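Okay, so here's the structure we're looking at.
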Amino acid sequence: MIHAAENEPNRRLRHAVLSQDGEAAPELGLGEPVLGRRVSVLLPYPFPRPFDYHVPATLELGQGDIVLVPLGQRQVTGVVWDTPPDSGVPGSKLKPVTARLDVPAMTPPLRKFIDWLAAYTLSSPGEVLAMALRVNALVPVAPAMGWRAGPPAGGARLTGAREHVLMVLGGSVMTASELARAADVSASVVRGMVKAGLLVASPLPVRAPFSWPDPAHAGPALSEAQRNAAASLSLAVQERRFSVTLLDGVTGSGKTEVYLEAVAASLRAGRQALILLPEIALSAQFLARFARRFGAEPAVWHSDLPSRIRRLTWRAVAEGAAPVVVGARSALFLPFSDLGVVVVDEEHETAFKQEDGVVYHARDMAVVRARFAEAPAILVSATPSLETLANVQAGRYGHLKLEQRHGGASMPEVAAIDLRAAPPERGRFLSPVLIEAIRATLAKSEQAMLFLNRRGYAPLTLCRACGHRLACPNCTAWLVEHRARRELACHHCGHVEPVPRDCPVCKAEEMLAPIGPGVERITEEAASLFPSARTLVMASDTLPGPASAAEAARAIEAREVDLIIGTQIVAKGWHFPHLTLVGVVDADLGLGGGDLRAAERTVQLLHQVAGRAGRAESPGRVLLQSYSPEHPVMQALVQGQLDDFYAREAELRAPGHWPPFGRLAALIVSADDSQAADLTARDLGRAAPEGEGITVLGPAPAPLAILRGRHRRRLLLKTRRDVAVQPLLRDWLARVPARRGVRVDVDVDPISFL
Ligand code: ADP
Ligand code: ZN
């Protein structure tokens with residue numbers, strides 16, 4: 001039976017086109033049946049190409065259908081792909097497709113995006129597909145029981161934690177583990193609440209509980225500049241064409257309000273919207289704001305979602321039942337049924353670069369995703385990347401600018417403190433000038449913030465007797481002391497060990513000394529200087545999850561905190577209306593090292609941090625502690641003249657064809673054995689591509705020469721902008737034999753050079 005069906009032509013579709021030209025896959029619409037009884041199925045594994053399967057007569061398959069197929073002894077999910085089947089394999093050898101899964105087919109825009117991203121990053125399409133199928137969405141969500149808030153129980157004690165759980169739960173139904181996680185409490189708190197009758201069993205929803213955000217719910221009264229920008233973006237959404245616009249405006253100018261109007265336009269057109277944020281865990285303020293604007297929360301997407309919620313969300317996105325998704329970079333791979341706009345907020349953020357597995361830049365890929373969806377992309381930043389500015393200058397991207405802070409709030413006044421002239425006391429890190437400014441701020445009952453982009457107590461521990469420095473056993477890196485946890489930690493591989501009392505080398509007793517500050521050490525110093533100030537530390541290890549970040553934001557807004565001490569997470573788009581002073585403990589910190597973008601990134605980070613100050617009526621002040629206040633970066637920040645800084649950066653990069661005026665791709669060779677790494681690096685060096693506009697730097701040991709015990713070497717390919725690096729890289733890698741235990745990772749458009 002199956003054999004008879006095998007050669008039966010499918011008459012419903014451009015048969016002639018395909019059989020004449022098996023090469024170019026014609027564009028097949030969603031759900032259009034595939035030809036013949038042979039299909040090409042892409043599997044979510046790093047195989048070089050899709051596999052062919054036989055379609056049993058009982059199945060009607062379309063391009064993009066998600067199917068179950070045999071692979072070896074297993075059944076795996078895959079997607080019917082656009083690649084023409086390979087007629088070289090005899091039909092009798094093919095295994096049959098087991099079943100078509102009951103989920104919406106993957107749309108052509110997402111399939112094209114996957115192929116494109118794979119080709120651009122030199123990954124296999126299957127590895128990229130894996131990011132789109134990682135949800136396990138294909139398992140139907142079975143009805144199950146969860147917990148909802150019970151009727152007010154007379155006798156039950158309502159502790160702070162219990163109250164918090166009830167607040168997080170609201171009117172929804174969650175499993176015990178989801179609830180414990182969302183509220184940042186232990187499972188026993190939830191169990192106790194069940195016992196006390198505060199929580200009662202209730203069926204969990206089998207459909208995602210997304211309500212349709214209402215574009216007319218509470219539109220703000222926009223200023224004229226905001227209105228013009230919003231109108232221009234809304235028009236782009238209505239045109240249903242691909243375009244890219246940079247929405248650029250000082251911190252607090254209302255960029256978020258403006259791009260939410262583009263989201264509203266997409267909702268009005270009945271289409272979906274995707275908003276990418278660099279740090280979704282810190283998005284509580286954003287979600288609350290979205291809810292105020294639209295009367296409903298958006299769907300949220302990131303890698304830490306409980307799996308049931310992931311499955312519900314994935315399906316809702318595919319079925320068009322989740323109209324707006326706010327997500328981390330992985331949200332690019334969601335199966336939107338009809339995507340109307342893509343927004344990338346804080347587009348300059350390096351957190352958009354994925355460094356593991358398939359290495360890609362989510363900002364750039366968001367533009368590609370929008371292109372295939374025929375929808376506009378909006379890139380948002382107060383400190384755009386040079387890449388985006390170059391695209392604006394070349395006329396590829398539109399540019400909307402908001403010059404003023406909303407509601408008459410002024411930009412903070414920025415000044416540098418010359419640490420050579422006003423040094424801190426010995427063994428301390430805050431200059432008397434900064435200390436005095438904090439004192440004055442606290443005396444006025446306003447909030448102050450100290451920023452230092454370093455977690456822990458001290459970045460280095462040194463033996464004062466023999467000079468030994470405590471280093472990671474697995475990496476070329478110093479161990480960072482975390483005094484509160486009494487640990488030394490490697491920030492690269494996660495290795496931890498107790499802080500020794502004596503030097504492990506010379507055995508000198510109690511001679512180990514912390515060198516330099518981290519936020520913990522600044523907190524200690526602040527506690528002795530401002531003993532009555534209520535202090536809150538904001539770092540990724542003190543605010544590990546969305547709930548703790550939300551709680552921190554709430555406490556700050558409610559003025560339960562006087563002094564905030566934080567790492568780079570405080571730079572991310574927070575709106576703290578009572579914060580009027582920001583002190584940057586070490587403004588020079590990011591300028592060391594040979595990174596191409598060191599100056600650009602320092603300006604971006606410090607400008608964002610500075611932008612937290614004075615966002616309401618009281619004007620803000622920013623003090624930068626620096627040993628080189630004359631440095632162009634400090635001058636740009638003090639004068640608030642970012643345009644001049646950008647122009648100067650561009651002048652420095654253009655002649656050497658450094659990005660964005662040229663292209664870069666890095667090869668990272670790594671092996672357990674240093675000689676093997678050297679040999680492959682040497683082979684790559686000898687086989688390096690040559691030609692007009694092509695330069696190869698290296699091989700050289702990576703700055704992180706050993707990472708997690710693997711020896712690393714780097715090569716960097718630099719080309720003119722008009723040279724496509726992918727074919728060069730493919731040929732190059734093909735010329736070098738693989739060596740056992742040696743990996744070569746490709747990083748196109750590298751951001752990190754470690
Ligand atoms: P940005 O994203 O540019 O930093 P925001 O959109 O966060 O700026 O705006 C800063 C603050 O001003 C927010 O609290 C926002 O709600 C408020 N805001 C901005 N524009 C308006 C407006 N037209 N009406 C009311 N509030 C506004
Ligand atoms: Zn390490």
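Quantities reported herein were computed from a predicted structural model and do not represent experimental measurements. We use all heavy atoms of the structure for the numbers below, so side chains are in, but hydrogens, waters and symmetry mates are not. Both counts, for ligands and for their atoms, begin at 1 and track the order of listing.
Shown here for A375 and L339, the closest heavy-atom pair between the two residues is CB-O, 3.6 Å.
H406 NE2, 3.4 Å is the protein heavy atom nearest to atom 25 (C) of ligand 1. The nearest heavy-atom contact from the protein to atom 11 (C) of ligand 1 is H575 CE1, 3.7 Å. For atom 8 (O) of ligand 1, the nearest protein heavy atom (residue, atom name, distance) is G254 N, 2.9 Å. Of all protein heavy atoms, the one lying nearest to atom 13 (C) of ligand 1 is R289 NH2, 3.9 Å. Protein heavy atom closest to atom 16 (O) of ligand 1, with residue, atom name and distance, is E257 OE2, 2.8 Å. Regarding atom 2 (O) of ligand 1, its nearest protein heavy-atom neighbour is T256 OG1, 2.7 Å.
For the pair R405 and ligand 1, no heavy-atom separation below 4.0 Å is found. Not a single heavy atom of V380 sits closer than 4.0 Å to an atom of ligand 1.
Among I565, V582, V584, V570, the one residue that satisfies the side chain to side chain contact (heavy atoms under 4.5 Å, CB included) test with L450 is I565.
Each of the following atoms of ligand 1 lies closer than 4.0 Å to a heavy atom of V250: 3 (O). Interface atoms of ligand 1 facing A221, defined by a heavy-atom separation under 4.0 Å, are 22 (C), 23 (N), 24 (N). Those atoms of ligand 1 with a heavy atom of L222 less than 4.0 angstrom away are 23 (N).
The pair D747-K353 meets the salt-bridge criterion, since a charged nitrogen lies less than 4.0 angstrom from a carboxylate oxygen. Salt bridge D345/K255: absent, no basic N to carboxylate O contact under 4.0 Å. A salt bridge links K572 with E349: the closest approach of a Lys/Arg side-chain nitrogen to an acidic carboxylate oxygen falls below 4.0 angstrom. Classification of E224 and R227 as a salt-bridged pair fails, no side-chain N sitting under 4.0 Å from a carboxylate O. With respect to R289 and E257, a salt bridge is recorded, a charged nitrogen being found less than 4.0 Å from a carboxylate O.
Taking backbone and side chain together, C475 holds an N, O or S atom under 2.8 Å from the Zn ion (ligand 2). At a cut-off of 2.8 Å, H495 does not coordinate the Zn ion (ligand 2) through any N, O or S atom. For a distance bound of 2.8 Å, the N, O or S atoms of C490 include one lying that close to the Zn ion (ligand 2).
With a heavy-atom cut-off of 4.0 Å, Q226 touches ligand 1 through its side chain alone. Of all the heavy atoms of A382, none lies under 4.0 Å from any atom of ligand 1, so neither backbone nor side chain is involved. Looking at K255 against ligand 1, both its backbone and its side chain come within 4.0 Å, counting heavy atoms.
Looking at ligand 1, you won't find any N or O of G249 less than 3.5 Å from one of its N or O atoms. Residue-to-ligand polar distances place G252 within reach of ligand 1: an N/O pair is separated by less than 3.5 Å.
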* In sequence, state the C-alpha distance, the side-chain angles, and the governing distance for R713 and T680, and then conclude on side chain to side chain donor-acceptor pair (under 3.5 Å). => CA-CA 9 Å; R713 308 287 180 265; T680 297; over 6 Å; no
* Hey, mind stepping through E551 and R554 against salt bridge (Lys or Arg N to Asp or Glu O under 4.0 Å) and telling me if it holds? -> CA-CA 5 Å; E551 170 53 22; R554 189 206 57 77; 2.9 Å; yes
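Looking only at atom types and distance, the side chain of E261 has no donor-acceptor partner in the side chain of Q226 under 3.5 Å away.
C493 contributes SG and C472 contributes SG; the angle these two atoms make at the Zn ion (ligand 2) is 100°, rounded to 10°.
Ring-plane geometry between W574 and F576 is classed as parallel, the angle between the planes falling under 30 degrees on a 0 to 90 degree scale with a further cut at 60.
Aromatic ring centres of H607 and H348 lie farther apart than the 6.0 Å criterion allows.
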